[in-house]
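Here the structure comes first, spelled out in structure tokens, and everything after it is commentary.
What you see below is based on every heavy atom in this structure, not just the backbone, and it leaves out hydrogens, waters and symmetry mates.
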Amino acid sequence: RREGDTVLFLSPLKIDPDAAFVKKIPYATSRAHPSQRASRGETGSGIALDYQGTEVLAAWQYLPSLRWGLVTKITASEAFAPVVWLGNMIIILGSVILFLAVFIAYATARSVTDPILDLQKGTAVIGSGDLDHSVGTMAKDEVGNLSRLIDTMTANLKKVTASRDVLDAEIAVRKRAERSLLEQSRVLEAYFKHSVSPLVFLDRDFNFLRVNAAYALVCSRPVDDFRGRNHFVDYPSDELKQRFEGVVTTGRPYFVQGRPFQFPDHPEWGV
């Protein structure tokens with residue numbers, strides 16, 4: 001209750017059992033806000049400092065008949081402990097989920113790009129004349145099928161080269177090789193059309209010859225829109241053009257990894 005400029009506590013306190021009719025808090029202090037308000041005739045609730053200066057969640061009620069103030073409270077740390085625990089759990093679970101998502105995305109990307117890079121290296125070795133080199137893998141996807149078809153093609157070419165002693169046998173082998181190459185060409189054509197990897201053919205002046213659907217999707221343009229267009233007119237890049245001209249001049253391949261070409265209209269896509 002109010003006594004002059006102080007609040008007098010009428011009951012024992014949890015921290016101070018001997019406080020009844022003894023402990024007083026001046027109104028001028030920043031502590032015991034709920035008790036000050038209740039003793040002044042106010043009713044309400046909220047977060048405030050108690051008589052110890054501890055932040056609490058309190059409710060206070062004025063009792064007019066007795067001219068007393070009634071306060072009930074709980075420390076804020078205890079009241080919000082479940083919320084804090086839940087927030088920490090959400091952060092931990094979110095971090096775990098984010099880590100797993102990044103790991104799965106990285107593993108998936110490697111499972112797609114590594115076989116393609118191995119296939120590129122293997123075909124370069126075969127192209128240099130080493131027909132004993134094998135690029136075939138046990139993978140069941142389209143890249144694995146393509147690698148085994150290339151091994152079949154290489155084996156057929158080797159047979160053709162080794163059958164020069166007998167002209168008739170050589171002709172027969174060549175015909176079989178031609179049929180095999182034709183079938184493989186159909187497979188390669190199907191791979192070009194239906195591959196999820198963006199693929200594009202350019203002539204020596206860097207005019208578009210062919211693009212597949214995946215390339216057109218990356219550029220947000222229909223396939224027919226590339227016909228008669230020049231790559232560096234549509235997508236200017238002095239550095240990339242210099243690299244391409246080096247390929248035309250030297251006949252050597254140029255591999256790019258980790259430095260995507262940014263299209264002006266869709267910078268989020270890389271080629």
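- Under the side-chain contact (heavy atoms from CB on, under 4.5 Å) criterion, A59 pairs with S45, T72, not counting sequence neighbours.
- Side-chain contact check for S11 versus F21: every heavy-atom pair is 4.5 Å or farther apart.
- Under the side-chain contact (heavy atoms from CB on, under 4.5 Å) criterion, A79 pairs with L57, I74, sequence neighbours left out.
- With sequence neighbours excluded, the residues forming a side-chain hydrogen bond (donor to acceptor under 3.5 Å, both in side chains) with Q184 are S180, listed by chain and number.
- Put simply, the side chain of R31 never gets that close to the backbone of H33: no donor and acceptor are under 3.5 Å apart.
- In this structure, R204 has no salt bridge (charged side-chain N to carboxylate O under 4.0 Å, His left out) partners at least two apart in sequence or on a different chain.
- Scanning for side-chain contact (heavy atoms from CB on, under 4.5 Å) contacts around E3 gives R1, T6, L8, K24, with sequence neighbours left out.
- In this structure, K73 and W60 have side chains that are not in contact, with every pair of non-hydrogen atoms separated by 4.5 Å or more.
- Residues V247 and P253 have side chains not in contact (no heavy-atom distance under 4.5 Å, counting atoms from C-beta outward).
- Here R243 contributes atom CZ and D238 contributes atom CG; the two are 13.0 Å apart, rounded to the nearest 0.5 Å.
- In this structure, S35 has no side-chain hydrogen bond (donor to acceptor under 3.5 Å, both in side chains) partners at least two apart in sequence or on a different chain.
- Tracing side-chain contacts under 4.5 Å through hydrophobic residues (I, L, V, M, F, W, Y), one reaches V96 starting from F99; they form part of the same cluster.
- Hydrophobic clustering of Ile, Leu, Val, Met, Phe, Trp and Tyr side chains at less than 4.5 Å, counting indirect connections, unites W85 with I90.
- Every pair passing salt bridge (charged side-chain N to carboxylate O under 4.0 Å, His left out) that includes a residue from residues 207-224 is listed here, sequence neighbours excluded: E189-R210, R221-D225, R221-D234, D224-R227.
- For the atom pair R186 CZ and L181 CG, the distance stands at 11.5 Å (nearest 0.5 Å).
- Contact detail for V218 and P198: the closest heavy-atom pair is CG2-CG, 3.7 Å.
- Closest heavy-atom contact between A216 and P222: CB-C, 4.2 Å.
- Across S39 and V7, no two heavy atoms sit closer than the pair OG-CG2, 3.6 Å.
- Shown here is D5, whose CG atom has no more than 12 heavy atoms of other residues, nucleotides or ligands within 6.0 Å.
- The residues K175 and E178 are annotated as not salt-bridged, no charged nitrogen and carboxylate oxygen being separated by less than 4.0 angstrom.
- Between F244 atom CZ and T249 atom OG1 the span is 13.0 Å, to the nearest 0.5 Å.
- Remark: E55 pairs with no residue by the side-chain hydrogen bond (donor to acceptor under 3.5 Å, both in side chains) rule, at least two apart or across chains.
- Here the side chains of Y191 and L199 are in contact, with some heavy-atom distance below 4.5 Å.
- Both L202 and V248 sit in one connected hydrophobic cluster of ILVMFWY residues. Membership requires side-chain heavy atoms under 4.5 Å apart, directly or through other members.
- When all heavy atoms are compared, the tightest approach of I25 to A32 is CG2-CB, 3.9 Å.
- Taken from CD1 in I92 to CD1 in I97, the straight-line distance is 12.0 Å, to the nearest 0.5 Å.
- Note on F9: it does not cluster hydrophobically with Y27, by side-chain heavy-atom contacts below 4.5 Å among ILVMFWY residues.
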Output a table of donor-acceptor pairs, distance under 3.5 Å, between side-chain atoms of residues 61-70 and any protein atom two or more places apart or on a different chain; print 'none' if there are none.
from, atom 1, to, atom 2, distance (Å)
Q61, NE2, T43, OG1, 3.4
W68, NE1, L66, O, 3.4

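- L86 CG to I91 CD1: the interatomic distance, rounded to the nearest 0.5 Å, is 10.0 Å.
- By the side-chain hydrogen bond (donor to acceptor under 3.5 Å, both in side chains) test, K23 is found to be paired with no residue, residues two or more places apart in sequence or in another chain being considered.
- F226 pairs by the ring-ring contact (aromatic ring centres under 6.0 Å, His included) definition with F208, Y215, not counting sequence neighbours.
- Applying the side-chain contact (heavy atoms from CB on, under 4.5 Å) criterion to N230, with sequence neighbours excluded, gives F206, N207, F232, V233.
- A heavy-atom distance below 4.5 Å is not found between the side chains of H231 and V200.
- Of all the heavy atoms in P34 and L49, the pair that sits closest is CD-O, 3.4 Å.
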